[in-house]
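Below: one structure, written as structure tokens.
Given the structure is predicted, the values throughout are model-derived calculations rather than measurements.
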Amino acid sequence: HKITVEKYLHLYHSLHGLDYAVMRIANPYGERQRTDGAQGAVAVFLGKMLRNETIEIWGDGSVVRDYLYVGDVADAAEKLAGYTAAPDGPRTFNIGGGHGLSLMQVVHGLGRALGRDPEVRFSPARALDVPVNVLDISLAKNHLRWTPQTPFPDGLRKTVAAYTKA
């Protein structure tokens, strides 16, 4: 669905001069994210830990994804809102952390932020899980003058603090 929307935006740009810009956002995490859902490893794992439930991981936890703190997503959106593309300039930007973390690195990071060891159960790997998915953010760096500013441990601390306030 997402690529279809991008193709239609490009078509309307070609046919009618519609200006547009697209953010392809990595795996965002942060305050106010639902912790009771099935998507978003950081939020799901945090919710499980806060409820003293076992975290289930398909495979051995080595699957690598690109995570991005929500404040950095907002900064990228602000940069994109002020962006005017040259006639042949890019209009689609990957917005991510620019490096990957394994699921086990995420679990251990949450454990450090919460000050306790998580309980993890491993299930058979799923064939649909791509081993590594890290976004190339060079267009955002070069054209939007944007780079993520929040290191993963700092973003986790902010996220955990928001959910553990009394």
Side-chain angles (χ1 to χ4, degrees), residues 1-47 57 61-114 128-165:
H1 293 98
K2 295 174 191 175
I3 195 70
T4 301
V5 170
E6 289 181 23
K7 296 285 184 185
Y8 272 109
L9 287 169
H10 180 71
L11 176 66
Y12 273 72
H13 172 70
S14 299
L15 294 176
H16 306 291
L18 173 73
D19 198 12
Y20 71 95
V22 174
M23 288 181 16
R24 291 180 180 166
I25 303 169
N27 295 285
Y29 69 94
E31 301 86 343
R32 299 185 186 200
Q33 190 173 13
R34 289 186 57 168
T35 60
D36 60 352
Q39 289 186 323
V42 172
V44 170
F45 294 169
L46 175 59
I57 292 182
S62 64
V63 168
V64 172
R65 296 293 180 263
D66 189 342
Y67 298 92
L68 185 64
Y69 179 66
V70 68
D72 290 326
V73 175
D75 291 342
E78 184 178 2
K79 295 275 188 176
L80 192 64
Y83 173 70
T84 303
D88 60 345
R91 288 181 165 74
T92 300
F93 299 93
N94 289 332
I95 305 298
H99 65 279
L101 296 166
S102 72
L103 289 175
M104 288 309 298
Q105 287 174 303
V106 171
V107 167
H108 292 307
L110 283 166
R112 283 188 296 278
L114 281 169
L128 62 96
D129 285 327
V130 177
V132 177
N133 187 356
V134 178
L135 301 184
D136 175 359
I137 61 172
S138 58
L139 286 178
K141 285 181 178 179
N142 295 333
H143 294 272
L144 301 179
R145 305 289 184 249
W146 173 86
T147 56
Q149 299 298 306
T150 309
F152 189 70
D154 294 348
L156 280 185
R157 278 191 292 279
K158 291 178 183 181
T159 302
V160 166
Y163 287 97
T164 57
K165 288 183 179 173

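- With a 4.5 Å cut-off on side-chain heavy atoms, I3 and K7 count as touching.
- Here the side chain of Y163 pairs a donor or acceptor atom with the backbone of R32 at under 3.5 angstrom.
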Requested in this report: Check the pair E6 / R91 against salt bridge (charged side-chain N to carboxylate O under 4.0 Å, His left out), numbers first and verdict last.
Outcome: CA-CA 10 Å; E6 289 181 23; R91 288 181 165 74; over 6 Å; no

Requested in this report: For ring pair (Phe, Tyr, Trp, His ring centres under 6.0 Å), just list the numbers for Y8 and Y20, CA-CA rounded to whole Å, side-chain angles, deciding distance to a tenth of an Å, and then say yes or no.
Outcome: CA-CA 11 Å; Y8 272 109; Y20 71 95; over 10 Å; no

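- Pairing each heavy atom of N94 with each of I137, the nearest pair is O-CG2, 3.5 Å.
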Requested in this report: Carefully, step by step, assess L80 and L144 under the rule side-chain contact (heavy atoms from CB on, under 4.5 Å).
Outcome: CA-CA 7 Å; L80 192 64; L144 301 179; 3.9 Å; yes

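- Shown here is E78, whose CD atom has no more than 12 heavy atoms of other residues, nucleotides or ligands within 6.0 Å.
- A side-chain donor-acceptor contact under 3.5 Å links Q105 to the backbone of S102.
- Taking the six-membered ring for Trp and thresholds of 30 and 60 degrees, Y83 and H143 have ring planes more than 60 degrees apart, a perpendicular arrangement.
- Across G96 and P148, no two heavy atoms sit closer than the pair O-CG, 3.6 Å.
- Remark: side-chain polar atoms of D66 are not paired, donor with acceptor, to backbone N or O of A26 under 3.5 angstrom.
- Nearest heavy-atom pair across L156 and Y29 is N-CE1, 3.8 Å.
- Listed by chain and residue number, nothing satisfies the side chain to side chain donor-acceptor pair (under 3.5 Å) test with Y67 (two or more places apart in sequence, or in another chain).
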